[in-house]
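When a residue number appears, it is its place in the shown sequence, counting from 1. All of these numbers come straight from a predicted model, not from anything done at the bench. Side-chain atoms are counted along with the backbone in the values below, which use heavy atoms only and exclude waters and symmetry mates. As the structure lists them, so they are numbered: ligands from 1, and atoms in each ligand from 1.
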Amino acid sequence: MKYLIDKLYKAHNLTIEEFKSLIEERTPEIAEYLFERARQVKIANYGCDVYIRGLIEFSNYCRNDCYYCGIRKSNTGAERYRLTEEDILNCCNTGHNLGFRTFVLQSGEDLYFTDEKMVHIIKSIKNRYPDCAVTLSIGERSYESYKAFYDAGADRYLLRHETANEEHYKKLHPENLSLLNRKACLFDLKKIGYQVGCGFMVGSPYQTVETLVEDLMFIKELQPHMVGIGPFIPHSDTPFAHKESGTLELTLFMLGLVRLMIPEVLMPATTALGTIDPLGREKGIQAGGNVVMPNLSPVAVRNKYMLYDNKICTGDEAAECRFCMQKRMEGIGCRVVVSRGDHRSCNK
Ligand code: SAH
């Protein structure tokens with residue numbers, strides 16, 4: 001198996017069959033070898049630096065009904081909220097004082113935030129904080145909308161593809177959502193000029209080794225700047241309430257593989273990883289990750305953006321999260337960097 005990791009390290013790719021056997025036949029020893037290689041590649045590209053992004057969850061209204069997600073439209077138990085532009089700017093102000101130079105605006109698919117409103121918000125942030133990057137994570141919109149946000153100053157866009165297998169996608173989403181459109185959005189975003197992030201959950205219901213390999217193949221094809229990978233965790237008020245969580249072990253393995261496949265990728269150790277294991281984020285960084293995304297959302301709404309059960313850090317102030325993260329990263333020999341932390345290909 002080690003020769004496959006060496007091959008991936010050198011060629012940045014494997015055949016479908018090779019990926020499949022690597023995942024199927026992985027052992028703790030192989031995983032450790034993978035992580036060593038992944039760290040080596042990461043350090044060659046980014047040193048020991050870990051980039052921080054301030055996450056602002058500005059609305060949990062959603063028009064979609066994804067079976068896995070706690071803020072799906074049908075979850076009448078979710079208490080809905082929207083931040084105002086002023087609230088969002090306040091979060092940015094707090095974040096900027098704490099050293100954040102990237103703000104990630106994430107929400108459900110909430111069409112209350114029209115193109116016009118989003119453009120206004122993006123322009124206000126960029127106006128006030130010209131040294132900062134704005135990342136959007138607000139789901140599927142038209143090419144024209146994405147273009148308008150980009151022209152307003154948005155720099156990056158996160159849109160996980162969730163699974164690259166058509167049948168699997170249908171098992172996770174209602175009929176009106178399609179993998180085809182999801183992928184089209186990602187290619188549109190790239191074409192417009194965004195730094196783009198895709199990604200998937202590990203251990204989502206009906207996932208197989210085959211669909212995971214398809215995820216890798218799709219990532220190879222898209223060549224994203226960022227990849228978000230976290231374990232699936234059930235939410236008690238969704239159709240997947242009784243499904244099992246994804247494992248820490250497989251999530252780390254996938255992070256390692258993606259680092260070798262795309263050496264320069266920006267890859268977060270996600271909150272979901274920190275939720276299934278108290279040291280999940282540290283382990284995610286040690287498996288090849290190089291980004292963390294502490295929460296900047298106001299404490300008053302923190303526990304309402306519940307994508308899954310038991311989400312961590314829902315009671316903490318932004319500053320606590322920021323310094324907790326710094327301590328955690330320093331504890332594993334990493335340096336938290338105060339800069340925009342653009343992808344290496346972008347010399348803004
Ligand atoms: N509406 C936006 C943002 C979605 S939330 C969009 O569609 O892109 C961000 C990510 O959280 C999702 O892409 C999904 O991969 C993840 N997520 C949702 N529910 C989850 C769950 N139950 N467990 C783990 N991750 C989940």
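- Annotation: Y157 is in aromatic contact with Y146 [ring centroid separation under 6.0 Å].
- Expressed to the nearest 0.5 Å, how far CD1 of I312 lies from OG1 of T271 amounts to 6.0 Å.
- With hydrogens and angles left out, the side-chain atoms of R128 and N93 include no donor and acceptor closer than 3.5 Å.
- In the vicinity of L159, heavy-atom distances shorter than 4.0 Å reach the ligand 1 atoms 8 (O).
- E57 pairs in a salt bridge (charged side-chain N to carboxylate O under 4.0 Å, His left out) with only one of the listed residues (R302, K304, K311, R82), which is K311.
- Of all protein heavy atoms, the one closest to atom 21 (C) of ligand 1 is I233 O, 3.4 Å.
- The atoms of ligand 1 that sit less than 4.0 Å from any heavy atom of C69 are 19 (N).
- Cluster annotation: I276 and I229 are assigned to the same hydrophobic cluster (Ile/Leu/Val/Met/Phe/Trp/Tyr, side-chain heavy-atom contacts under 4.5 Å, transitive).
- Short contacts between ligand 1 and G139, defined as distances under 4.0 Å to a heavy atom of the residue, involve ligand atoms 2 (C), 6 (C), 7 (O), 8 (O).
- At least one heavy atom of R182 lies less than 4.0 angstrom from ligand 1.
- The shortest heavy-atom contact between G199 and R160 is O-CB, 3.2 Å.
- The closest protein non-hydrogen atom to atom 11 (O) of ligand 1 is L307 CD1, 3.4 Å.
- Ranking protein heavy atoms by distance to atom 24 (C) of ligand 1, first place goes to P231 O, 3.3 Å.
- Under a cut-off of 6.0 angstrom, the local environment of NE2 in H120 is sparse, with at most 12 non-hydrogen atoms contributed by other residues, nucleotides or ligands.
- The pair R340-D131 does not meet the salt-bridge criterion, since no charged nitrogen lies less than 4.0 angstrom from a carboxylate oxygen.
- Considering S107, S137, S245 only, the shortest heavy-atom separation from atom 1 (N) of ligand 1 involves S107.
- Here's the thing with Q106: none of its N/O atoms is less than 3.5 angstrom from an N/O atom of ligand 1.
- Nearest non-hydrogen protein atom to atom 19 (N) of ligand 1 is Y68 CD1, 3.4 Å.
- E162 OE2, 3.4 Å is the protein heavy atom nearest to atom 12 (C) of ligand 1.
- For atom 16 (C) of ligand 1, the closest heavy atom belonging to the protein is R160 NH1, 3.7 Å.
- With respect to atom 25 (N) of ligand 1, the closest heavy atom belonging to the protein is M201 SD, 3.5 Å.
- We find the CZ-CD distance between R37 and Q40 to be 5.0 Å, quoted to the nearest 0.5 Å.
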